[in-house]
Amino acid sequence: MCSPPPPPSRAPPPPSARPPGVGAPRRRPARTGDLVVEGGTLLDPATGDVTEDSVVVVRDGVIHAAGARGRTAVPRDAARLDAHGQWVLPGLIDAHIHLSTAAEARDAVRKGATSARSGSTNFYQDVAVRELARHAPALAPRLQAAGVFVTPHLGDTVLADPDLTPLATLADGVRSAEALRRVVQVNLARAPT
């Protein structure tokens, strides 16, 4: 059975039309418009401050400003969402996320996650993402790191730390209390909060 030929692709602009060192052109995300969430009780998770009758301005899916009404500039043509009687957090909290790359971390922030809890990784990438967020908050959400998966069959995770490699010799995997204790000890040492 023959499959149809692939659709023609648009050729990237010639190198002379691109800035030096730039590969294929980047696509800009589609403009989604502005949204103003007004009247709610705003909680700032970083400080614990509470602002009654607040305004949150969202531009193209990203929080642009948040604060008290009258002190925060509001675009005139933005869609409005009445939040009177509601609590408002400026950002989303993802309670179970697997962030293994810088690109995934940036994508989570771009989608609105300002805080997250890791659901584990194979090689402590979440610990690095947590540190990235501490140094460059625009590149990663604040992250509660979990470390490596704690599972009977560690697979390549035994390569995440030299102290885990002896567990690769276990015929049935991590099944004894001693082996489980070792994985947890290494995890706690590598992924403290």
Side-chain angles (χ1 to χ4, degrees), residues 12 18-30 32 42-50 56 58-64 66 87-193:
R18 294 190 304 249
V22 175
R26 295 188 317 179
R27 291 185 182 170
R28 298 188 79 184
T32 58
L42 177 66
L43 172 65
D44 182 343
T47 64
D49 292 341
V50 174
V56 177
V58 181
R59 288 193 175 149
D60 296 325
V62 176
I63 295 171
H64 179 72
W87 284 87
V88 179
L89 285 166
L92 301 175
I93 299 170
D94 192 328
H96 185 105
I97 194 169
H98 299 280
L99 297 177
S100 299
T101 68
E104 290 171 352
R106 280 190 309 273
D107 189 50
V109 170
R110 198 176 82 253
K111 289 179 178 175
T114 57
S115 299
R117 184 179 65 194
S118 173
S120 295
T121 60
N122 288 330
F123 295 103
Y124 294 107
Q125 300 99 316
D126 60 347
V127 176
V129 169
R130 180 191 66 205
E131 296 307 308
L132 176 64
R134 289 177 178 170
H135 296 287
L139 300 179
R142 288 182 300 269
L143 187 66
Q144 178 70 41
V148 296
F149 293 99
V150 178
T151 177
H153 302 288
L154 293 176
D156 286 341
T157 299
V158 297
L159 302 175
D161 188 291
D163 290 338
L164 291 175
T165 56
L167 300 175
T169 63
L170 299 175
D172 293 331
V174 178
R175 300 213 180 264
S176 69
E178 180 182 339
L180 177 61
R181 188 176 304 111
R182 188 67 195 137
V183 174
V184 171
Q185 287 170 339
V186 172
N187 224 14
L188 288 173
R190 288 290 301 266
T193 57

S.K.: Quick check against the 3.5 Å criterion: does Arg130 have a side-chain atom that pairs as donor or acceptor with the backbone of Ser118?
M.R.: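 Checked: no pair found.
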S.K.: Can you tell me how far the CG atom of Leu42 sits from the CG atom of Leu89, to the nearest 0.5 Å?
M.R.: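 CG of Leu89 is found 8.0 Å from CG of Leu42.
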S.K.: Answer yes when Glu131 and Arg134 have at least one side-chain N-carboxylate O distance shorter than 4.0 Å, and no when they do not.
M.R.: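 Salt bridge present between Glu131 and Arg134.
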S.K.: Using side-chain heavy atoms (C-beta onward) and a distance below 4.5 Å, is Asp163 in contact with Arg182?
M.R.: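 When only atoms from C-beta onward are counted, Arg182 and Asp163 do touch, with a gap below 4.5 Å.
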S.K.: According to salt bridge (Lys or Arg N to Asp or Glu O under 4.0 Å), who are the partners of Glu104, at least two apart in sequence or on a separate chain?
M.R.: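 Glu104: no salt bridge (Lys or Arg N to Asp or Glu O under 4.0 Å) contacts found.
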S.K.: Drop me the distance from Thr121's OG1 to Asp126's CG, to the nearest 0.5 angstrom.
M.R.: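 It comes to 4.0 Å.
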S.K.: Taking distance alone, no hydrogens or angles, what donor-acceptor pairs closer than 3.5 Å link side-chain atoms of residues 164-173 to residues at least two apart or in another chain?
M.R.:
from: Thr165; atom 1: OG1; to: Pro162; atom 2: O; distance (Å): 2.7
from: Thr169; atom 1: OG1; to: Pro166; atom 2: O; distance (Å): 2.7

S.K.: Mind checking the CG-CD spacing from Leu143 to Gln125? Nearest 0.5 Å is all I need.
M.R.: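 Nearest 0.5 Å value for the CG-CD distance: 11.5 Å.
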S.K.: Taking side-chain hydrogen bond (donor to acceptor under 3.5 Å, both in side chains) as the test, write out the residues that go with His96, two or more places apart.
M.R.: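 Expected list: His98.
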S.K.: According to salt bridge (Lys or Arg N to Asp or Glu O under 4.0 Å), who are the partners of Asp94, at least two apart in sequence or on a separate chain?
M.R.: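 Once residues adjacent in sequence are excluded, Asp94 has no partner under the salt bridge (Lys or Arg N to Asp or Glu O under 4.0 Å) criterion.
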S.K.: Test of understanding: with salt bridge (Lys or Arg N to Asp or Glu O under 4.0 Å), list the residues that count as partners of Arg117, not counting sequence neighbours.
M.R.: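 Salt bridge (Lys or Arg N to Asp or Glu O under 4.0 Å) list for Arg117, sorted by chain: empty.
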S.K.: If you look at every heavy atom in Val109 and Ala140, which pair is closest and at what distance?
M.R.: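 In terms of heavy atoms, the two residues are closest at CG2-C, 3.3 Å.
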S.K.: Run the side-chain donor-acceptor check on residues 146-156: report pairs under 3.5 Å with partners two or more places apart or on a different chain.
M.R.:
from: His153; atom 1: NE2; to: Arg175; atom 2: NH2; distance (Å): 3.1

S.K.: Measuring only between side-chain heavy atoms, which start at C-beta, is Pro141 closer than 4.5 Å to Leu99?
M.R.: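 In short, these two side chains touch, coming nearer than 4.5 Å.
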S.K.: To the nearest 0.5 Å, how far apart are CG in Leu180 and CD in Gln185?
M.R.: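 The CG atom of Leu180 sits 10.0 Å away from the CD atom of Gln185.
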